[in-house]
2 protein chains.
Amino acid sequence: MKRNDVCEERCIHQDMVRKVKEKMLEEDVFNHLSRDFKTLGDPTRVKMLFALFLEELCVCDLSSVLGLSESAISHQLRIMRDRNMVKYRREGKMVFYSLSDHHVVQLLKIGVEHARE
Amino acid sequence: MKRNDVCEERCIHQDMVRKVKEKMLEEDVFNHLSRDFKTLGDPTRVKMLFALFLEELCVCDLSSVLGLSESAISHQLRIMRDRNMVKYRREGKMVFYSLSDHHVVQLLKIGVEHARE
DNA sequence: TTTTCATATGAATAGATGCTCATATGTTCA
DNA sequence: TGAACATATGAGCATCTATTCATATGAAAA
């Protein structure tokens, strides 16, 4: 028979655990949160976002700045579009990308501070 | 013959690209940065960090809070120890973990704000 | 010392992910 | 319309990663 939540014994600090469980956020919030961090958790994407923080750029520009294929850049842009981290505007054949969210800028700034220490 | 950086033609906005390239941070900074974000980019780890933000907890407590095996928790703790995101203290047979870095708290807070919108 | 318990860790595996290549879409210009 | 070009996307593959299971370590109690 499987031990259930209530009759935990062993090393568990029941009071602490109960208290923490009550204060934990909803599953969805954690999933959303970790998905956003994961999006920032790739060197290519973080470079792209930093570049877009400096200037609005087209796919070709990003490709040149990062030294990666336009296909690779475009795939990553799609991911960041889906996560609402970048927005775009079309101008003729080109598509210009820029950051869509001020939170991204905040996260980048804090991250850079931390990374530099 | 491969086209080099200087004689790019096509769609590239040379001035912008040059400007952005100059302002880009060092490779190491981006790698460190993305590694930190990646560490936050997993539901299990983000839950663990949030729980540790609420209370100092032992492995067994975290296992109970998250509903995951102690082995899984321990593996994740090791990753976060290596990234200097959590610290620990031994007390008898138990090891208590807590957050080691105020940046982590900042990142979590901004992330939660964003995730909730 | 030996046993017990809390934690740590190595190996294995299933699933996720980033890039490349080929191809499709959509816009401009001839 | 058709050619040229910028971007987007699907498939495939190599790599990475989170968990499980088995085992090791380390501390306390018997």
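Chain letters run A, B, ... following the sequence lines, proteins first and then strands; every chain starts at 1.
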* To do: Using atom CE of A:Met80 as one end and atom P of C:dG18 as the other, report the distance to the nearest whole Å.
  => 11 Å
Please set out all donor-acceptor pairs under 3.5 angstrom arising from side-chain atoms of residues 74-86 of chain A, sequence neighbours excluded.
unit_1  : atom_1 : unit_2  : atom_2 : d
A:Gln76 : OE1    : A:Arg45 : NH1    : 2.9
A:Arg81 : NE     : A:Tyr97 : OH     : 3.2
A:Arg83 : NE     : A:Thr39 : OG1    : 3.2

* To do: Round to the nearest Å and state the distance from A:Glu70 atom CD to D:dC5 atom C1'.
  => 10 Å
* Can you check each nucleotide of nucleotides 17-30 of chain D against protein heavy atoms at under 4.0 Å and return B for base, S for sugar-phosphate only, - for none, in 5' to 3' order? => SSBBBB----BS--
* Asked: Once you round it to whole Å, what is the distance between C1' of C:dC19 and NZ of A:Lys47?
  -> 13 Å
Under 3.5 Å, which donor-acceptor pairs do the side chains of residues 87-94 of chain B form with other protein atoms, sequence neighbours left out?
unit_1  : atom_1 : unit_2  : atom_2 : d
B:Lys87 : NZ     : B:Leu99 : O      : 3.3
B:Arg89 : NE     : B:Glu56 : OE2    : 2.8
B:Arg89 : NH1    : B:Glu91 : OE1    : 2.5
B:Arg89 : NH2    : B:Glu56 : OE1    : 2.8
B:Arg90 : NE     : B:Gly92 : O      : 3.4

* Could you check whether A:Tyr97 gets within reach of a base, just the sugar-phosphate, or nothing at all, counting any heavy atom under 4.0 Å? => sugar-phosphate
* Asked: With a 4.0 Å cut-off, would you call B:Lys23 and A:Glu55 a salt bridge?
  -> no
* Atom-to-atom span, CZ of A:Arg78 to C1' of D:dA11 - whole angstrom -> 13 Å
* Structure fact -> Rounded to the nearest 0.5 Å, the CG atom of A:Leu52 sits from the CG atom of A:Asp61 at a distance of 10.0 Å
* To do: Kindly confirm or rule out an SG-SG distance below 2.5 Å between A:Cys11 and B:Cys60.
  => yes
* Check: B:His13 ring centre within less than 6.0 Å of A:Phe96 ring centre -> yes
